[in-house]
Amino acid sequence: MKRVLLFSLFLLTTLSVFAYETVIVHFPDKELWIKAYYKKTPIEVILQYVPKGQSSNNWERTIVIHSYKGANYPINIFLSNTTARMLKINPTASYKTLFLRPDDAIVGRCTNNYGKIQGQCEFLRVTRGYEGIITIHYMNKNRSEFMNDYGKWYGIIKNARIYNSYYRNERILNKAEYFEL
């Protein structure tokens with residue numbers, strides 16, 4: 001009986017180590033978004049996407065996905081700390097809470113130019129993943145375009161899904177919208 005329990009415990013801990021956490025984002029139809037930057041360490045992953053023709057350093061619109069492995073802070077505290085750091089970088093506009101639940105939140109703002117920092121509009125989503133906390137950050141440097149596409153991009157960010165699988169390619173139908181964290 002002890003052997004069965006030990007083996008079961010070993011199997012459960014082993015399976016969680018080999019799980020693959022992914023995020024599924026459905027980009028707008030007829031727009032090709034490409035991976036511009038990717039960095040993975042044992043405790044975090046940063047993934048940046050931009051429309052084709054733009055780059056990680058030269059973009060008008062971007063989505064940055066940041067996964068913090070093992071982070072177990074309450075979402076509201078993590079969100080508060082993150083937005084406070086970003087407000088120090090550009091304090092020209094505060095964040096407005098657009099969606100708030102204990103394990104998922106979205107805030108937004110539009111900033112003005114500040115020193116050498118160009119103004120931008122953004123949605124920041126902070127959500128609980130299976131392995132920690134994940135942020136999904138959409139930024140657009142064109143305020144009028146952001147406002148025209150507000151509902152579309154809010155929906156894209158809100159509907160991005162976090163998926164945890166023991167198999168790398170399990171149930172992923174469109175590989176262009178699947179990003180392993």
Side-chain angles (χ1 to χ4, degrees), residues 23-41 43-129 132-162 177 179 181:
V23 63
I24 301 170
V25 176
H26 297 286
F27 289 109
D29 293 337
K30 300 178 185 175
E31 286 189 28
L32 179 60
W33 285 68
I34 59 170
K35 185 182 349 177
Y37 180 82
Y38 179 79
K39 181 178 179 182
K40 185 173 187 174
T41 70
I43 58 171
E44 66 183 329
V45 176
I46 300 172
L47 175 63
Q48 180 186 18
Y49 277 81
V50 295
K52 186 175 180 173
Q54 297 178 27
S55 69
S56 65
N57 294 321
N58 187 17
W59 54 267
E60 282 295 313
R61 296 183 295 155
T62 187
I63 289 181
V64 177
I65 301 167
H66 202 147
S67 173
Y68 301 88
K69 307 276 183 184
N72 58 3
Y73 315 109
I75 292 295
N76 61 337
I77 291 173
F78 190 90
L79 179 63
S80 179
N81 291 339
T82 301
T83 55
R85 281 193 311 271
M86 293 163 70
L87 278 166
K88 285 182 180 178
I89 295 169
N90 188 336
T92 61
S94 297
Y95 284 91
K96 178 180 177 186
T97 301
L98 305 171
F99 176 80
L100 180 61
R101 291 192 320 204
D103 285 338
D104 201 10
I106 301 174
V107 295
R109 73 174 181 164
C110 284
T111 63
N112 297 317
N113 293 342
Y114 181 73
K116 294 182 180 180
I117 299 170
Q118 184 177 351
Q120 65 186 32
C121 294
E122 58 190 297
F123 290 121
L124 173 63
R125 180 177 176 197
V126 177
T127 190
R128 175 94 35 222
I133 292 177
I134 297 171
T135 63
I136 304 169
H137 197 176
Y138 170 71
M139 295 163 275
N140 189 331
K141 293 179 181 174
N142 183 326
R143 183 185 298 251
S144 62
E145 181 182 64
F146 180 86
M147 297 312 282
N148 287 337
D149 294 339
Y150 186 95
K152 175 175 73 173
W153 279 101
Y154 178 79
I156 289 169
I157 298 306
K158 185 175 182 184
N159 293 322
R161 295 289 167 243
I162 311 304
E177 298 172 342
F179 315 110
L181 300 173

Heavy-atom closest pair (Ala36 atom, Val50 atom, distance to 0.1 Å) is CB-CG2, 3.8 Å

For the side chain to side chain contact (heavy atoms under 4.5 Å, CB included) test, which of Glu145, Glu122, Arg61 pairs with Trp153? Arg61

Candidate pair Tyr49 and Trp33, rule ring pair (Phe, Tyr, Trp, His ring centres under 6.0 Å), full reasoning: CA-CA 6 Å; Tyr49 277 81; Trp33 285 68; 7.9 Å; no

Nearest-0.5 Å distance, CD of residue Glu31 to NZ of residue Lys52: 13.5 Å

Is the number of heavy atoms from other residues, nucleotides or ligands within 6.0 Å of CD1 (Ile43) greater than 12? no

Output the distance between atom OG1 (Thr135) and atom CG (Leu124), rounded to the nearest 0.5 Å. 6.0 Å

Which heavy atom of Gly129 sits nearest a heavy atom of Ile134, and at what distance? CA-CD1, 4.1 Å

What pairs meet the disulfide (SG to SG under 2.5 Å) rule with one or both residues in residues 65-120, with sequence neighbours excluded? Cys110-Cys121

So which atom in Ala93 and which in Leu87 form the shortest heavy-atom distance, rounded to 0.1 Å? O-CD2, 3.1 Å

How far apart are the C-alpha atoms of Lys158 and Leu98, what are their side-chain angles, what is the distance that settles it, and do they pass the side chain to side chain contact (heavy atoms under 4.5 Å, CB included) test? CA-CA 10 Å; Lys158 185 175 182 184; Leu98 305 171; over 6 Å; no

Measuring from atom CD1 of Ile157 to atom NZ of Lys152, what distance do you get when rounded to the nearest 0.5 angstrom? 12.0 Å

The side-chain hydrogen bond (donor to acceptor under 3.5 Å, both in side chains) partners of Asp149 (sequence neighbours excluded) come to none

Show your reasoning for whether side chain to side chain contact (heavy atoms under 4.5 Å, CB included) applies to Tyr38 and Val45. CA-CA 7 Å; Tyr38 179 79; Val45 176; 3.7 Å; yes

Given Glu60 and Gln54, is the side chain to side chain contact (heavy atoms under 4.5 Å, CB included) satisfied, shown in steps? CA-CA 7 Å; Glu60 282 295 313; Gln54 297 178 27; 3.9 Å; yes

dist Ile133:CD1 -> Lys69:NZ (nearest 0.5 Å) comes out at 13.0 Å

According to ring-ring contact (aromatic ring centres under 6.0 Å, His included), does anything in residues 93-126 pair up with another residue at least two apart or in another chain? List the pairs. Phe123-Phe146, Phe123-Tyr150, Phe123-Tyr154

Pairs flagged by salt bridge (Lys or Arg N to Asp or Glu O under 4.0 Å) wherever residues 81-91 is involved - sequence neighbours left out: none

All heavy atoms of Leu100 vs all of Ala105, minimum pair found to be CD1-CB, 3.7 Å

Output the distance between atom NE2 (His66) and atom NZ (Lys39), rounded to the nearest 0.5 Å. 9.0 Å

Judged by atom type as modelled, is there a donor-acceptor pair below 3.5 Å linking the side chain of Arg109 to the main-chain atoms of Gln120? no

Minimum-distance pair of heavy atoms, taken over all atoms of Gly119 and Asn113: N-OD1, 2.7 Å

Sequence neighbours left out, what pairs pass side chain to side chain donor-acceptor pair (under 3.5 Å) with at least one residue falling in residues 73-83? none

How would you list, by chain and number, every residue that makes a side-chain hydrogen bond (donor to acceptor under 3.5 Å, both in side chains) with Gln118, sequence neighbours excluded? none

Can you tell me how far NE2 of His137 sits from CD1 of Ile65, rounded to the nearest 0.5 angstrom? 12.0 Å

Checking Asp103 now: which residues fulfil side chain to side chain contact (heavy atoms under 4.5 Å, CB included) with it, not counting sequence neighbours? Ile75, Arg128

Sorted by chain and residue number, the side chain to side chain contact (heavy atoms under 4.5 Å, CB included) partners of Ser144 (sequence neighbours excluded) come out as Asn142

Applying ring-ring contact (aromatic ring centres under 6.0 Å, His included) to Trp59 and not counting sequence neighbours gives none

Report the residues that fulfil side-chain hydrogen bond (donor to acceptor under 3.5 Å, both in side chains) with Arg101, sequence neighbours left out, ordered by chain and then residue number. none

Using side-chain hydrogen bond (donor to acceptor under 3.5 Å, both in side chains) as the criterion, list what pairs up with Asp104, not counting sequence neighbours. Arg125, Thr127

Polar contact flag, side-chain donor to acceptor under 3.5 angstrom, Thr92-Asn90: yes

